[in-house]
Engineer: 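Handing you this structure, nothing more for now.
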2 protein chains.
Amino acid sequence: MPTTSAILKDHGIRPTPQRRVVLEYVRASDQHPTAEDIYAHVHRRRASVSRATVYNTLHLLVDHGLVRRLVLAGGTVAFDARVHPHHHFVDERTGEVQDIPFEALRIEGVEALSAFDVEHVQVVVYGRKKSDKGG
Amino acid sequence: MPTTSAILKDHGIRPTPQRRVVLEYVRASDQHPTAEDIYAHVHRRRASVSRATVYNTLHLLVDHGLVRRLVLAGGTVAFDARVHPHHHFVDERTGEVQDIPFEALRIEGVEALSAFDVEHVQVVVYGRKKSDKGG
DNA sequence: GCACGATCTTGTACGATGTCTAAAAAATTG
DNA sequence: CAATTTTTTAGACATCGTACAAGATCGTGC
């Protein structure tokens, strides 16, 4: 398990303390933290990390493929260190988003879309979690 | 073809002039206009329709299923009067969004998602339009 | 270690999008 | 017309994100 610092270096990014703490948090989180989540956390841990630096760093990480930028239902923008593709489930009541393993769903008919060069396909499933008692 | 007024009444919405002009524009547009697009247009047509009313009306229309709220790539929020389900293609270079007929794709494995009551499934295809000359 | 230029961080101002509120305006009811 | 409800309005406010200019920090050559 490489250190955060090593990961950054491997991607040609100078591993400053601010960048390390941002990447660390995104990688540690099994949720999908928003930029504000990240800022709040990082700011708490190291009193003076500015908002601008958090945004700069997130862009940097996204550009280098270390982190993915997601647009959740409702338009919330979140970040995710899991780079391998996966689908999303959105609870229509709470807005909560949950990952669905990429292998769990298969999409047929993509080859027939002759007008497009397809890079990536993602399914968004809307519904409600069964464990929830009625609303 | 029912009038905008009739459509609103059918859904229990009092057809005020402001609401009519908003719905009319969304229905007439074959693009996916954003709230600001709609505000700009509607404001031009009837000098005094406020921003708040445009937003209020859009929420109302969404709540009554007359219009759908979309979140495009990049997090842009747009509206769409086509209520029948369809998928989306997003051009990764331009951010342009295009509809894909619902029937064009089939998703397998949804039944196996036993943790969820699934309401709706939507596929988002990312790529680039083939007709585009390289860039 | 020091000076220098390059890179990084910071605070703040700004812009875009959207919500909230209190009051005016319009419609409905009697 | 008066009373009540619904709708609209303007503008203040909140949130998210970007731009910019100044200061801090780093790496390199000496």
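Labels below follow one simple rule: chain letters A, B, ... track the order of the sequence lines, proteins then strands, and each chain is numbered from 1.
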Engineer: For B/Asn56 and B/Arg14, take the nucleotide of DNA chain C holding the closest heavy atom to each; which residue's nucleotide lies nearer the 5' end?
Structural biologist: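 Checking each residue's closest nucleotide, the 5'-ward one belongs to B/Asn56.
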Engineer: Check step by step if ring pair (Phe, Tyr, Trp, His ring centres under 6.0 Å) holds for B/Phe79 and B/His32.
Structural biologist: CA-CA 5 Å; B/Phe79 296 87; B/His32 300 295; over 10 Å; no
Engineer: With a 4.0 Å limit, can you tell me whether A/Gln18 has a side-chain N or O closer than that to the phosphate oxygens OP1/OP2 of D/dT25?
Structural biologist: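 The answer is no; no side-chain N or O of A/Gln18 sits under 4.0 Å from OP1 or OP2.
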Engineer: Of the non-hydrogen atoms in B/Tyr25 and B/Pro33, which two are nearest, and what is the gap between them?
Structural biologist: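 Where B/Tyr25 meets B/Pro33 most closely, the heavy atoms are CE2-CB, 4.0 Å.
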Engineer: Nearest-Å distance, CZ (B/Arg51) to C1' (D/dG11)?
Structural biologist: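 My rounded result for the distance is 11 Å.
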Engineer: Please report, rounded to the nearest Å, how far the P atom of C/dT9 is from the OH atom of A/Tyr39.
Structural biologist: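 So the OH-P distance, A/Tyr39 to C/dT9, works out to 15 Å.
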Engineer: Hey, which of these two, B/Arg19 or B/Ala52, hits DNA chain D nearer its 5' end, going by closest nucleotide?
Structural biologist: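 Between the two, 5'-proximity favours B/Arg19.
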Engineer: Whole angstroms only, please: what is the OH-C1' distance between A/Tyr55 and D/dC20?
Structural biologist: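 After rounding, the gap between these two atoms is 17 Å.
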Engineer: Atom CG of A/Asp37 to atom C1' of D/dT15: distance rounded to whole Å?
Structural biologist: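 The answer, rounded to whole Å, is 13 Å.
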Engineer: Between B/His59 and C/dG18, is there a side-chain N or O to OP1/OP2 distance below 4.0 Å?
Structural biologist: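 So the side chain of B/His59 is outside the cut-off, no N or O lying under 4.0 Å from OP1 or OP2 of C/dG18.
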Engineer: Tell me: CG of B/Leu23 to P of D/dT7, nearest whole Å?
Structural biologist: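 That distance rounds to 15 Å.
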Engineer: Could you check whether A/Thr53 gets within reach of a base, just the sugar-phosphate, or nothing at all, counting any heavy atom under 4.0 Å?
Structural biologist: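 Answer is base: heavy atoms of A/Thr53 come under 4.0 Å of a base.
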Engineer: Within less than 4.0 Å of OP1 or OP2 of C/dT9, is there a side-chain N or O belonging to A/Thr16?
Structural biologist: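 Checking C/dT9 against A/Thr16, a side-chain N or O does come within under 4.0 Å of OP1 or OP2.
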